Amino acid sequence: MVLASALSRARLGAALALSLAFAPSLFAQSDQEHALDVQSFDIVWQRIHDTYWDPELGGVDWQGAYDELKPKVEAAESRAEVRRLMNELISRLGKSHFGILPASTAELVQEASKNPSEVAVSKKDGEESEAPKGSGGPGISGLTIRVIDGAALVTAVRPDTPAAASGIRPGWQLTKVGEASVGERVERLLEDLPESSIKALIINRSVAAMLDRSAGTELELTLIDGDQEAVMRTVRTIPAPGQVEKFGNLPAMRVEFVARRLDSEIGYVRLSDWFGLSLIGKFMTAINDFEDTKGMIIDLRGNPGGIGGLAAGFAGFLVEEPTSLGTMITRDSRPNFPILSREPKFRGPIAVLVDGNSASTSEFFAGGMKDIGRARIFGTTTAGAALPSMIEKLPNGDGFQYAIANYVSAGGDELEGIGVIPDEVVVPTRETLLEEGDPVLAAASRWILEQSSSK
């Protein structure tokens with residue numbers, strides 16, 4: 001059975017929550033509340049003991065950890081202290097997909113977990129219907145923001161949007177949204193968040209959440225332009241793009257798939273999420289359209305993941321012989337991600353673009369394609385957040401996220417906490433963004449053209 005990737009957008013917000021500290025309760029706990037906290041600690045320990053894919057728990061003395069921390073939990077005077085102890089317990093595993101989610105999460109994490117791709121629905125006669133455009137449904141600003149060297153830089157501007165019409169360009173620095181300081185938010189997160197492979201992902205999504213509002217909202221933005229001048233721009237959000245996709249019993253999601261040619265010589269594909277079976281047909285159409293191109297670029301920057309089996313499905317159109325993207329390891333099995341050679345076939349050079357916001361299934365695909373030698377990877381290291389996980393409500397009301405499997409790439413590498421390291425690391429800077437617009441895309445395009453000229 002194909003496992004759904006843990007970093008679907010809804011679960012991504014949960015993963016982000018694990019890294020923040022929360023203020024302690026102002027009031028002493030009742031005996032009943034404390035009893036629920038102690039019970040919750042026991043459940044967390046037992047669940048990991050029973051379900052962790054490695055029965056040896058990576059060599060961690062799990063019983064010893066319980067014996068050490070249980071008395072401290074019993075003596076704790078606040079729920080916040082119990083949370084800290086439970087997180088201390090599970091942190092010994094060294095995996096990012098384990099942690100406690102407070103019942104009342106921090107404001108920044110709540111915002112970071114929101115997703116403009118989620119489908120807005122209205123109830124009518126017991127049915128769900130997509131909210132019409134312009135009706136206040138999900139909206140996006142048209143700007144892609146990445147925090148680079150502590151500055152929130154515009155790395156892309158969607159064409160034919162109010163943001164593009166306003167003159168905003170890649171390389172500009174976003175400093176304020178309304179009266180809210182972007183710099184202060186970034187500084188706080190840089191200081192407060194522990195070092196981890198997903199730190200950049202958390203910060204980028206938190207800043208993006210300042211811009212993503214319902215469609216038709218006017219955002220007053222303050223930016224520093226290419227001449228180092230502070231400028232004001234008013235940007236109206238547009239309806240979130242893409243097609244509404246369903247998969248089994250999972251919530252509906254809006255997924256954008258883009259396929260076009262770059263200067264008629266290179267095929268370009270971008271997908272916002274690995275979600276929805278229609279993506280396979282769209283990719284097949286793109287491959288047919290790109291038959292006479294010199295190569296293809298698959299852009300997974302900002303793609304948080306989705307359905308793991310779709311990555312193997314895409315890869316089937318790109319290889320000559322059956323192979324594998326890697327292996328998922330559970331307590332009872334080791335399901336593989338087999339790649340079956342399929343038609344139509346794209347045989348030209350392939351570049352895959354990734355960044356710190358590429359996670360889960362995007363990492364399966366990029367890492368696997370790199371390991372089998374079928375693609376060259378460009379950009380920055382991925383999030384290192386590859387594990388499928390579950391979220392369980394504890395007796396004290398908090399959530400407990402725990403991974404149920406591990407992932408090992410085709411080359412034998414674990415991606416969790418490490419990520420996919422590009423073959424060609426391209427870190428956008430203010431200067432290169434102003435000069436080239438998209439230095440990662442430019443580097444990949446140059447490589448493809450070099451491959452073609454060398455034949």
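Computation of the quantities below employed the complete heavy-atom set of this structure, encompassing side-chain atoms and omitting hydrogens, waters and symmetry-equivalent molecules. The model shown is predicted, which means the values in this text are computed figures rather than measured ones.
With Tyr268 as the aromatic partner, Arg270 does not meet the cation-pi criteria of under 6.0 angstrom to the ring centre and within 45 degrees of the ring axis.
No side-chain heavy atom of Leu271 sits less than 4.5 Å from a side-chain heavy atom of Lys282. For the pair Leu189/Lys199, no side-chain contact is recorded, criterion being any heavy-atom separation below 4.5 Å from C-beta on. Contact annotation: the side chain of Pro170 approaches that of Val157 to within less than 4.5 Å [non-hydrogen atoms, C-beta and beyond]. Between Leu223 and Arg233, the closest side-chain pair of non-hydrogen atoms falls below 4.5 Å. Side-chain contact between His49 and Leu57: absent, with no pair of heavy atoms (C-beta onward) separated by less than 4.5 Å.
Pro422 pairs with exactly one of Ile377, Val427, Leu353 by the side chain to side chain contact (heavy atoms under 4.5 Å, CB included) rule, that one being Ile377.
Glu363 contributes a side-chain N or O that, together with a main-chain N or O of Gly384, makes up a donor-acceptor pair within less than 3.5 Å. For the pair Trp45 (side chain) and Trp62 (backbone), a donor-acceptor distance under 3.5 Å is present. Looking only at distances, a side-chain donor or acceptor of His34 sits under 3.5 Å from a matching main-chain atom of Glu74. Judged by distance alone, the side chain of Arg92 and the main-chain N or O of Asn87 form no donor-acceptor pair under 3.5 Å. In terms of modelled atom types and a separation under 3.5 Å, the side chain of Thr237 and the main chain of Ser214 share a donor-acceptor contact. A distance-only check finds a donor-acceptor pair linking the side chain of Asn204 to the backbone of Val147 [under 3.5 Å]. Between the Lys370 side chain and the Ile421 main chain, a donor and an acceptor come within less than 3.5 Å of each other. In this structure, the side chain of Arg254 does not engage the main chain of Val244 through any donor-acceptor pair within 3.5 Å. Looking only at distances, no side-chain donor or acceptor of Asp355 sits under 3.5 Å from a matching main-chain atom of Thr381. No donor-acceptor pair closer than 3.5 Å links the side chain of Lys176 to the backbone N or O of Val182.
From Trp53, atom CH2 reaches atom OG1 of Thr330 across 11.0 Å, with rounding to the nearest 0.5 Å.
Taking the six-membered ring for Trp and the full ring otherwise, Phe98 and Tyr52 have centroids separated by under 6.0 Å. Within the 6.0 Å centre-distance limit, the rings of Phe365 and Trp274 are counted as a close aromatic pair.
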For a salt bridge (Lys or Arg N to Asp or Glu O under 4.0 Å) check, start with the C-alpha distance between Glu184 and Arg188, then their side-chain angles and the critical distance, and finish with the verdict. CA-CA 6 Å; Glu184 289 178 3; Arg188 174 183 168 187; over 6 Å; no

